[in-house]
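In what follows, every heavy atom counts, from backbone to side chain, and hydrogens, waters and symmetry copies are set aside. This is a predicted model, so every value here is computed, not measured.
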Amino acid sequence: MRLLTTSALCGLAIGATAQIAGATDEVDFQLDWTPGGISAAYYLGVEKGCFTDQDIDVTISRGYGAADAVTKVATGVADFSVTDLGVIIGSIAESGAPVKAIMPIVAQSPMAIAVMADSDIGELKDLEGHSIASSVGNAAMAFLPLGMEVVGGDMSKVEIITAEGSALTGLLLQKRVDALASYITSVKRIDAIAAKSGMEVRGIHYGSALDIYNASIFTSDAMIAENPDLVNRFKAAIECTYDEARADPAAAVDAIVAGVEGMQRDTQTDMVPFSFGFAFDNPVFEANGYAFDIDRVAHNIAIVDKVTPLSTELTPEDVVYVPAE
């Protein structure tokens with residue numbers, strides 16, 4: 001394995017792990033899933049010295065889902081991770097998970113449905129009278145009834161089909177279902193698969209109407225209490241990674257291809273810049289940057305409570321960490 005340093009700005013990470021040496025604090029940063037798309041920024045940040053500049057020796061590892069990410073951080077196995085703010089809210093309310101979000105990454109929800117390009121479903125309300133497939137526990141399906149409510153649709157007129165996650169794309173491309181509960185960022189990947197067979201898939205995004213946060217960096221309450229300086233430095237390092245990646249998406253593609261063993265460039269060429277555009281080219285990021293809008297966090301809690309009623313009443317201060325001025 002070639003280590004990334006300021007004099008050697010490329011490297012290969014074995015097992016989807018990137019490391020840098022010679023910094024003060026060793027930090028385990030676990031993703032919530034396999035590397036790709038928006039997480040390309042972290043690998044570029046390693047090359048650009050975003051972490052070493054903050055005296056951080058970071059190890060980036062793949063994740064195994066949102067619930068696992070919360071568990072790993074709550075138990076101290078990982079120092080920092082990233083997942084949907086709604087998952088963090090639910091974990092705190094239902095299991096008392098000792099974690100807090102420290103910064104938003106994706107300021108709008110990517111929830112969407114995927115349909116074939118020639119589908120007569122032109123907007124979300126048109127889903128009435130059609131079928132939609134989803135895997136068990138898919139957040140995009142959990143929030144779909146609320147999305148339909150917002151646009152004046154009737155979810156009772158939609159046929160819901162549950163299938164294994166690995167089978168969903170095939171069901172859509174074979175036109176055995178009319179739509180998939182998905183994310184607008186994932187539609188790019190599905191469309192790339194469809195293109196290999198001369199087909200086209202498009203997305204209908206409804207997440208922005210919910211006005212809620214999506215991916216957020218989080219850490220444990222213990223880390224915040226015991227080492228708030230590291231929390232602030234890690235946040236600064238993450239901001240640096242995204243600033244670098246937004247300025248040069250192509251370099252971010254190069255970095256994740258070099259930094260993750262087995263990563264195929266063609267899977268990231270379109271996904272990476274699209275992910276950055278979705279995350280940062282919107283009014284919420286323009287107004288708040290990498291900071292949480294506390295009123296919007298309160299709204300986020302209310303939306304989660306409406307979709308999956310919470311057993312514990314929460315305030316924004318229970319969910320996000322805002323350093324004292």
On a heavy-atom basis, the closest approach of M263 and P35 is CE-O, 3.3 Å
So do the side chains of N300 and I89 get within less than 4.5 Å of each other, counting heavy atoms only?
yes
With R296 as the cation and F292 as the aromatic partner, state whether NZ or CZ is under 6.0 Å from the six-membered ring centre and within 45° of the axis.
no
Is there a donor-acceptor contact under 3.5 Å linking the side chains of D178 and S131?
yes
Donor-acceptor pairs under 3.5 angstrom involving side-chain atoms of residues 155-167: please list them, not counting sequence neighbours.
{"residue": "S156", "atom": "OG", "partner": "D154", "partner atom": "OD1", "Å": "2.6"}
{"residue": "S156", "atom": "OG", "partner": "D154", "partner atom": "OD2", "Å": "3.2"}

Taking all non-hydrogen atoms of both residues into account, name the closest pair between V99 and I92 and its distance.
O-CD1, 3.3 Å
Considering residues, nucleotides and ligands other than E286, do more than 12 of their heavy atoms fall under 6.0 Å from its CD?
yes
Ring centres under 6.0 Å, that's the criterion: do Y242 and Y42 meet it?
yes
Under 30°, 30 to 60°, or over 60°: which ring-plane class applies to F51 and F234, parallel, tilted or perpendicular?
tilted
Quick check with a 6.0 Å cut-off and a 45 degree axis cone: is R246 positioned over the face of F280's six-membered ring?
yes
Output all residues satisfying ring-ring contact (aromatic ring centres under 6.0 Å, His included) with Y183, sequence neighbours left out; order by chain, then residue number.
none
Expected output: side-chain S91 to main-chain V87 donor-acceptor under 3.5 Å:
yes
